[in-house]
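Reviewing the structure listed below.
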Amino acid sequence: MKNNIKNIVVIVSFIIIIWGFMFANILIPDNEFSFSERRRLITFPNYSLQKLLSGEFVDEFEKYSLDQFIFRDAFRGLKAIGKYYLFNQKDNNNMYIINGIIEKMEYKLDEKSVVNAAEKLNEVYEKYFNGKNVYYAIIPDKSYFIAAENGYLTINYDRMLELMDQNTRNMQYIDLFTVISIEDYYKTDIHWRQEKIIKIADLLLNEMGNDAKLSGSYIEHKLYPFYGSYYGHAALKLQPDSMFYLTNEIIENAVVFDHQSNTFGKVYNLEMFDGMDPYDVFLSGAKPLITVYNEDCKNDKELLLFRDSFGSSIAPLMLEGYSKITLIDLRYISTDLLGNYIDFSQDQDVLFLYNTRILNNSSMLK
């Protein structure tokens, strides 16, 4: 009798769980975004008899179901806990954690991609900057500091620098590897911390021959909690970062023009802190082409900064040396279109500033 009751309880519980999850997934509205993973979720696939017969619909529906499954983040967390602590694996979906620092494995070095990046820089130089002083600098990712010594795969950074040196022409390299450290990065994000890179901004200005000396006089403003782009991918409850952004009179008075939307704004967009990517506080995030005007500058010099997202936080710190800084993101605008927006006859410094992951995946540069 007791065994029969036990079996009935088990069977009923199993049915409730299976049917409960099924009805919950049907009734609960789909989510458009995953804020923890910082990406758009897959929506219900379009149906056609042809797609059904070919199996394409089934494949798309499976991906949709995985993205929209209820308690998805909770199950992702359980998986991560199992991998890290139960099975003692060193990573979860190529994400690993060292002393609270979350990093993504980047392996191996794609030499063709690095050469392609160098050729892209050469293409831009030959099209617009022939005869001008042009510089490039490379930002190491966090793996440069923590991967090898903790037994994780990483790219060959020396070979990357060698390839860039061998394949770039008519431009001077500025070394950042020797002046930056792991403490200069967020623990939960890919980016460097603005309050830590004043030294980098000063170095770049000095190497480009800009006589401006950064005052170093800033007011720090704290935003908390900052859950960086890697936090959700780690799928664990970890300590968030604090984000600091720096202001002074020059930064507060600066005006930002977005060439795509033809709108003006400020250097920091604090509304972005509660959005999909809080790092977009700096210059409102990824933009094809923006210009930051510093009317308090005593010279008429311009900086053309070819950049990825790292450039958003360092550009405000370099404003003391320029009347305007134009930030160009070749991931979102074609090289051939730049002449429609930029007057290249002006007195300009030119800096290509990219992190190692962009160089290792340079097909995104247009």
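What's counted below: heavy atoms across the whole structure, side chains too, no hydrogens, waters or symmetry copies. As the structure is a prediction and not an experimental result, all values here were calculated from the model.
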Side chain to side chain contact (heavy atoms under 4.5 Å, CB included) assessment of M243 paired with K222:
CA-CA 6 Å; M243 174 186 285; K222 180 179 178 180; over 6 Å; no
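- Aromatic rings from Y128 and Y125 are positioned such that their centres are separated by 6.0 Å or more.
- Salt-bridge formation is not detected for the pair K104/D91: no Lys NZ or Arg NE/NH1/NH2 atom is positioned less than 4.0 Å from an Asp or Glu carboxylate oxygen.
- Each salt bridge (charged side-chain N to carboxylate O under 4.0 Å, His left out) pair with one or both residues in residues 136-150, not counting sequence neighbours, appears once here: D141-R357.
- With sequence neighbours left out, D258 forms a salt bridge (charged side-chain N to carboxylate O under 4.0 Å, His left out) with K287.
- In this structure, the ring pair (Phe, Tyr, Trp, His ring centres under 6.0 Å) partners of Y136, at least two apart in sequence or on a different chain, are Y173.
- With sequence neighbours excluded, the residues that form a side chain to side chain contact (heavy atoms under 4.5 Å, CB included) with K237 are Y231.
- By the salt bridge (charged side-chain N to carboxylate O under 4.0 Å, His left out) test, K127 pairs with D336, sequence neighbours left out.
- Using modelled atom types, one side-chain atom of D184 and one backbone atom of S181 make a donor-acceptor pair closer than 3.5 Å.
- Applying the salt bridge (charged side-chain N to carboxylate O under 4.0 Å, His left out) criterion to E123, with sequence neighbours excluded, gives K120.
- Ring pair F310/Y354: centre-to-centre distance not below 6.0 Å.
- Evaluation of the salt bridge (charged side-chain N to carboxylate O under 4.0 Å, His left out) rule for D280 yields no partner, not counting sequence neighbours.
- Around atom NZ of K196, no more than 12 heavy atoms belonging to other residues, nucleotides or ligands sit under 6.0 Å away.
- Checking each of L305, L353, L303 against L327 for a side-chain contact (heavy atoms from CB on, under 4.5 Å) leaves exactly one that passes, namely L305.
- A donor-acceptor pair under 3.5 Å is absent between the side-chain atoms of D202 and the main chain of I198, judged by distance alone.
- With F129 as the aromatic partner, K132 does not meet the cation-pi criteria of under 6.0 angstrom to the ring centre and within 45 degrees of the ring axis.
- The backbone N or O of K324 sits nowhere less than 3.5 Å from a side-chain atom of E302 that would complete a donor-acceptor pair.
- Looking at every heavy atom in both residues, I197 comes nearest to W192 through CD1-NE1, 3.5 Å.
- Without hydrogens or angle criteria, Q194 side chain to I314 main chain gives no donor-acceptor distance under 3.5 Å.
- Relative orientation of the Y152 and Y96 rings is parallel, given thresholds of 30° and 60° on the angle between their planes.
- A donor-acceptor pair under 3.5 Å is absent between the side-chain atoms of T356 and the main chain of P140, judged by distance alone.
- Between E126 and R169 there is a salt bridge, since a side-chain N of the basic residue sits under 4.0 Å from a carboxylate O of the acidic one.
- Residues D300 and Q346 bring no donor and acceptor atom of their side chains to less than 3.5 Å of each other.
- The minimum heavy-atom distance linking Y135 with E207 is given by the pair CE2-O, 3.5 Å.
- Residue pairs meeting the side-chain hydrogen bond (donor to acceptor under 3.5 Å, both in side chains) criterion with at least one member in residues 109-119, sequence neighbours excluded, are E111-R159, S113-S362, N116-S362.
- Side-chain polar atoms of S143 and E103 form a donor-acceptor pair below 3.5 angstrom.
- The backbone N or O of K187 lies less than 3.5 Å from a partner atom in the side chain of D241, making a donor-acceptor pair.
- Between the side chains of S313 and H191, no donor-acceptor pair of N or O atoms lies under 3.5 Å.
- For the residue pair N360 and E106, a side-chain donor N or O sits within less than 3.5 Å of a side-chain acceptor on the partner.
- Cluster partners of F264 are V255, F257, Y293, counting Ile, Leu, Val, Met, Phe, Trp and Tyr whose side-chain heavy atoms approach within less than 4.5 Å, directly or via other members.
- Within a 6.0 Å radius of CG in N99, no more than 12 heavy atoms belonging to other residues, nucleotides or ligands are found.
- Without hydrogens or angle criteria, N122 side chain to N167 main chain gives a donor-acceptor distance under 3.5 Å.
- The ring pair (Phe, Tyr, Trp, His ring centres under 6.0 Å) check on Y186 picks up F226, with sequence neighbours excluded.
- With no hydrogens or angles considered, no side-chain donor-acceptor pair links N248 and S217 at under 3.5 Å.
- Taking all atoms of both residues into account, the shortest heavy-atom contact from P278 to G275 is CD-O, 4.2 Å.
- Not a single ring pair (Phe, Tyr, Trp, His ring centres under 6.0 Å) links Y322 to another residue, sequence neighbours left out.
- In this structure, I190 and Y230 have side chains that are in contact, with non-hydrogen atoms separated by less than 4.5 Å.
- In this structure, the ring pair (Phe, Tyr, Trp, His ring centres under 6.0 Å) partners of Y157, at least two apart in sequence or on a different chain, are Y144.
- Checking side-chain atoms of Q166 against main-chain N and O of L161 turns up no donor-acceptor pair under 3.5 Å.
- Using modelled atom types and a 3.5 Å distance limit, the side chains of Y341 and T291 yield no donor-acceptor pair.
- A donor-acceptor contact shorter than 3.5 Å is absent between the side chain of R193 and the backbone of Y245.
- Between the side chain of N210 and the backbone N or O of G321 there is at least one donor-acceptor pair closer than 3.5 Å.
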Go through the steps to decide whether D308 and R331 satisfy the test salt bridge (Lys or Arg N to Asp or Glu O under 4.0 Å), and finish with yes or no.
CA-CA 8 Å; D308 51 36; R331 295 174 298 174; 5.9 Å; no
